[in-house]
Every structure is written in structure tokens, then in C-alpha cells.
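Written below as C-alpha cells is the structure these notes are about.
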Amino acid sequence: MLDWFDQHGRHDLPWQVRDNPYKVWVSEIMLQQTQVKTVLNYFDRFMQRFPTVETLAQASWDEVAPYWAGLGYYARARNLHKAAQQVVAQGGFPTTLDGWMALSGIGRSTAGALMSLGLQQYGVIMDGNVKRVLSRHQAIAGDSMSTPVIAQLWQLATQLTPKQRNADYTQAIMDLGATICTSKKPLCLYCPVGEDCKAYQQNRVLDFPQKKVAKATPEKQAFVIILENSETGQWLWQQRPSEGLWGGLYCLPIIEQPELAAFEARFSLTAASSMPMVKHSFTHFTWFLTPQVFEINTAQLEGLQQYFVASQWLDKQQAVDKGIPKAMLKVLGQS
DNA sequence: AATACGGGGTC
DNA sequence: GACCCAGTATT
């Protein structure tokens, strides 16, 4: 594995540094459930704006949000921001696995990565790459997301991870999973551990890791409320509550059918027009969003802003600068 | 044990 | 369209 890594591993990613746990930390959070290629579009910009844990800790959430907007899983950014403040309050980075895990947004695998890649100490990880490599190498049956299989994989990973060149091994097994032992078209002929891979020996590589059959993603309908101040051209935007979907980002008001009726009645409004429906798919549901355009008069501005909590009048560029989800860009693209 | 939580890469 | 990705927190 280590020889293969020296020759064929990835060595030039911007967070591959030996002297900066903060850089490694930010990258690990961005990389949770997110591919390297995607993170490359965000990492340098974030590090330039928040070069140290102190700068991040001192910033407000509204300063952080634009640098995460579009990357998804916004709880990661909230947790990272909060954890930066924890680190500064503690007077420095954790030095133990449990110390890292005590920080918001850091679980067992990220803590292991930080011990290994961040601090050059002993650490074990369990990401999608490791799950796939190990479950194939040992031909591990059973749902790879189930508690017993996860426990078995952790046991195996801990046993296989060396103390010598620990960080190189950590990087090696991820690189192997990302470039050779890939999900769809694995390149087993180039695998450094193909000879003793049980799945390969059985010609069943694609049978692992085993997963339960996914259930259908539910569909939901809602309306996007477009309220335009005809004098300024601004729309009413809402900062979403920090918990939940798109937490802390700015968004046009989204309401469902009953709330739309109540809203129209409250202000004696009817939608002047509706723009084409926007379909937006998440991991856990698909949203069909119908933008409803309302013509309003200036006497209503105050009342409307009161009605929608945490709302303010912004032109489109202002909203984009504050950080909006991708679905709102779709809506803007149609207007 | 199941669910919430984004968005893009890739076939 | 379906599956996957350097997972974690909450229910």
C-alpha cells in the first residue's frame, strides 16, 4: 500500500500539509460526503478569507455563510464555526482522539483523520473509501451501513492501520478507494492488494459493499413567494432558521398550500403570475417549487416584512452575496 | 435503527 | 434516473 502510494497516490491536494491542523480540519469537514473535485472549488477561497482558527472564531455567521453557500450540508459550516470558537476558548487544538470528537461536527472518522493527517499521530478512519476497500478485500457480507458491519470494519481498519507512516497509510487507502477500488469500474489489475482481495478472487468485486435496497424518495410541493418592491426592484428574502434545511442561508419565502391561502387572505393578494415550476432533488426528497409573483403596493412593505420572520428587502446580487442555496439560483435564473 | 441533511460527479 | 461521495447529529 505504501509503495503504491509513493508512486501513484495523490500528493498535491491543497490540504496535504504537515504543519497546519486547521487546514486539514477545514478540508475534512468540507470533504464529508463531498467529492474532492467539488471541494477544490471552495477550499482556497475559504482559507484565504479565514486563514487561521482565530479568524474563523472571530467572524460572525453571516460572514461565514457566503463561503459555504452552494456546498451543501450547512450544519457542517455552523458546527465548524462553533468548534473554532471552542478551540480558541480552549487555547489550542485538541491532541487526542476524544478531544477532537468533543468538537461540534467531528465524529470518530474525522477525529481519526485529524490525529493522523493533522497531527501526524496514530489515527484510523472509516470513510466511504475505506468501507469499500475493506469490505471488498475481506468480502464482508451484510449491509455495510448496519451497526455490526460497521463495527467489524472499524475492527479490521484498526488492526490493519500501521503506526509507522500512519498518515501515508491513511492517505493511501483513501486514494486507493478513489482511484482504483472505485464504486463502478474498479481497476483491479492495477490494485496493489488485488492478489489477496477475497472479492477479486471470487470475481465478485461489484457485490461489495452490500447495501439495503433504497426506498423511493418522497415528493413534496411548495410555493416560492416573490414579492417585488416596484420602487427599488428588491425582493423580500428570508434568513432561514439555523436548524433544518438550508439553515442560516438566505432564501425566498417558501410556504405550502395552506399557508399560501392564509398569506393571500391576510394581505388581500392574489398571485399575478407564476413562473415555471422548479424541480429540486435532495437526498431525502424531491421538491416541486412553484414561484408565485405578487404585485404589491408600497403601503404593504412594512407589513410583509413583519409577516415573514427574519426577512429583509434585497436586490438579487445582495442576496447572492449573502449566500443562497442552489435551488434559489434556479429560481433566479428564470426571472 | 432510522432519518435529516445538499449538491454534484458519473455512468 | 440511480448511485455515490474524506459522515455527523438527532430522533
Side-chain angles (χ1 to χ4, degrees), chain A residues 9-10 13-16 24-43 68-80 82-83 100-114 116-118 123-133 143-151 153-154 157 167 170-179 181-186 206 209-220 240-249 251 279-287 323-330:
Chain A
R10 297 175 292 191
L13 295 169
W15 46 84
Q16 290 183 318
V24 177
W25 176 19
V26 171
S27 77
E28 286 300 329
I29 302 300
M30 285 190 171
L31 286 159
Q32 286 170 1
Q33 295 290 287
T34 308
Q35 295 186 356
V36 167
K37 190 171 182 180
T38 301
V39 170
L40 286 172
N41 296 324
Y42 287 81
F43 181 76
W68 207 278
L71 190 56
Y73 285 160
Y74 301 100
R76 293 182 298 175
R78 294 195 301 277
N79 285 330
L80 175 63
K82 186 206 247 178
W100 283 109
M101 286 182 69
L103 295 175
S104 304
I106 297 181
R108 185 172 170 188
S109 184
T110 301
L114 283 161
S116 176
L117 304 173
V124 182
I125 63 165
M126 184 54 61
D127 69 343
N129 293 306
V130 178
K131 281 196 185 100
R132 191 169 53 254
V133 169
D143 173 17
S144 66
M145 305 300 284
S146 71
T147 303
V149 171
I150 293 287
L153 287 169
W154 270 109
T170 298
Q171 191 64 50
I173 194 165
M174 286 193 290
D175 289 358
L176 187 69
T179 64
C181 194
T182 55
S183 181
K184 298 274 177 64
K185 292 183 170 181
L206 293 181
Q210 298 182 357
K211 309 221 164 184
K212 284 198 308 188
V213 289
K215 42 178 135 178
T217 57
E219 298 179 346
K220 298 182 185 179
R240 296 178 63 89
S242 59
E243 314 296 325
L245 190 72
W246 295 333
L249 292 195
C251 208
K279 180 182 178 182
H280 191 77
S281 295
F282 297 102
T283 308
H284 51 310
F285 70 95
T286 298
W287 226 350
I324 63 177
K326 294 285 187 178
M328 288 300 108
L329 289 175
K330 286 188 198 172

Q | Of A:Leu117 and A:Gly105, the one whose closest DNA chain C nucleotide lies more 5' | A | A:Leu117
Q. For B:dA4, does either OP1 or OP2 sit under 4.0 Å from a side-chain N or O belonging to A:His284?
A. no
Q. Would you say A:Thr110 reaches C:dT8's phosphate, i.e. side-chain N/O to OP1/OP2 under 4.0 Å?
A. yes
Q: Could you tell me whether A:Gly247 contacts a base, only the sugar-phosphate backbone, or nothing, with contacts defined as non-hydrogen atoms closer than 4.0 Å?
A: nothing
**Q.** Per A:Lys215 side chain, nearest of listed nucleotides C:dG7, C:dA9, B:dT3
**A.** B:dT3
Q: Give A:Ile29 one of three labels, base, sugar-phosphate or nothing, depending on what nucleic acid heavy atoms sit under 4.0 Å from its own.
A: nothing
Q: Would you indicate, yes or no, if C:dG1 has its OP1 or OP2 atom less than 4.0 angstrom from a side-chain nitrogen or oxygen of A:Lys279?
A: yes
Q. Is the phosphate of B:dG8, meaning OP1 or OP2, less than 4.0 Å from a side-chain N or O of A:Lys326?
A. yes
Q.
Of the options B:dC5, B:dG7, C:dA6, whose atoms approach the side-chain atoms of A:Leu13 most closely?
A. C:dA6
Q. Would a distance-only check, ignoring hydrogens and angles, find a side-chain to backbone donor-acceptor pair under 3.5 Å from A:Lys330 to A:Lys279?
A. yes
Q) What interatomic distance, in whole Å, is found between P of B:dT3 and the corresponding atom of C:dA6? A) 24 Å
**Q.** Where A:Ile106 and A:Ala111 come nearest, the two heavy atoms and their spacing
**A.** CG2-N, 3.6 Å
Q. Think A:Tyr42 has a side-chain N or O under 4.0 angstrom from the OP1 or OP2 of B:dG7?
A. no
Q) In terms of side-chain heavy atoms of A:Gln35, which of B:dG8, B:dT10, B:dG6 is nearest? A) B:dG8
Q | Options C:dA6, B:dA1, B:dA4, nucleotide nearest the side-chain atoms of A:Pro148 | A | B:dA1
Q: State which of B:dG9, C:dG7, B:dG6 makes the closest approach to the side chain of A:Tyr74.
A: B:dG6
(Q) Return the CG to CH2 distance between A:Leu114 and A:Trp100, rounded to the nearest 0.5 Å. (A) 4.5 Å
(Q) What contact category does A:Tyr73 fall into here, base, sugar-phosphate, or nothing, at under 4.0 angstrom with non-hydrogen atoms? (A) base
**Q.** Given C:dC3, B:dA2, B:dG7, the nucleotide with the shortest approach to the side chain of A:Lys184
**A.** C:dC3
Q.
Whether A:Lys212 contacts B:dA2 is assessed here as follows: a side-chain N or O lying under 4.0 Å from the phosphate OP1 or OP2. Is that the case?
A. yes
Q) Should the ring pair A:Trp15 and A:Phe43 be called parallel, tilted or perpendicular, given that the plane angle runs from 0 to 90° and is split at 30 and 60? A) perpendicular
Q. Considering heavy-atom distances to DNA chain C, does A:Ser27 or A:Glu243 have its closest nucleotide positioned more toward the 5' end?
A. A:Ser27
**Q.** Distance test, side-chain N/O of A:Gln32 to OP1/OP2 of C:dG7, below 4.0 Å
**A.** no
Q. Can you find a donor-acceptor N/O pair under 3.5 angstrom joining the side chain of A:Thr283 to the base of B:dG6?
A. yes
Q. Which sits closer to the 5' end of DNA chain B, A:Thr38 or A:Gly244, going by the nucleotide each is nearest to?
A. A:Gly244
Q.
Is there a side-chain contact between A:Met174 and A:Leu117 in this structure, where contact means two heavy atoms from C-beta onward sitting under 4.5 Å apart?
A. yes
Q: With rounding to the nearest 0.5 Å, note down the distance linking CG in A:Leu13 to CD in A:Gln171.
A: 6.5 Å
Q: Kindly indicate whether the side chain of A:Thr217, heavy atoms from C-beta on, has any atom under 4.5 Å from the side chain of A:Thr283.
A: no
Q) Has the side chain of A:Thr34 got a donor or acceptor that lies under 3.5 Å from a partner of the other kind on the base of B:dG6? A) yes
Q. NA contact type, A:Arg10, heavy-atom cut-off 4.0 Å: base, sugar-phosphate, or nothing?
A. base
Q. Quick one: is A:Trp68 getting a side-chain N or O under 4.0 Å of the B:dG6 phosphate, OP1 or OP2?
A. no
(Q) Measuring only the C1' atom in each nucleotide, how far is C:dA9 from B:dG8? A whole number of Å is fine. (A) 23 Å
Q | Among C:dA6, B:dG9, B:dG6, the nucleotide that comes nearest once only the side chain of A:Asp127 is considered | A | C:dA6
Q) With sugar-phosphate meaning primed atoms plus P, OP1 and OP2, does A:Thr147 contact a base, only sugar-phosphate, or nothing at under 4.0 Å between heavy atoms? A) sugar-phosphate
Q. Quick one: which of B:dG6, C:dA9, C:dC4 gets closest to the side chain of A:Lys211?
A. C:dC4
Q. Considering only side-chain heavy atoms of A:Ser183, which listed nucleotide, C:dG7, C:dA9, C:dC4, is closest?
A. C:dC4
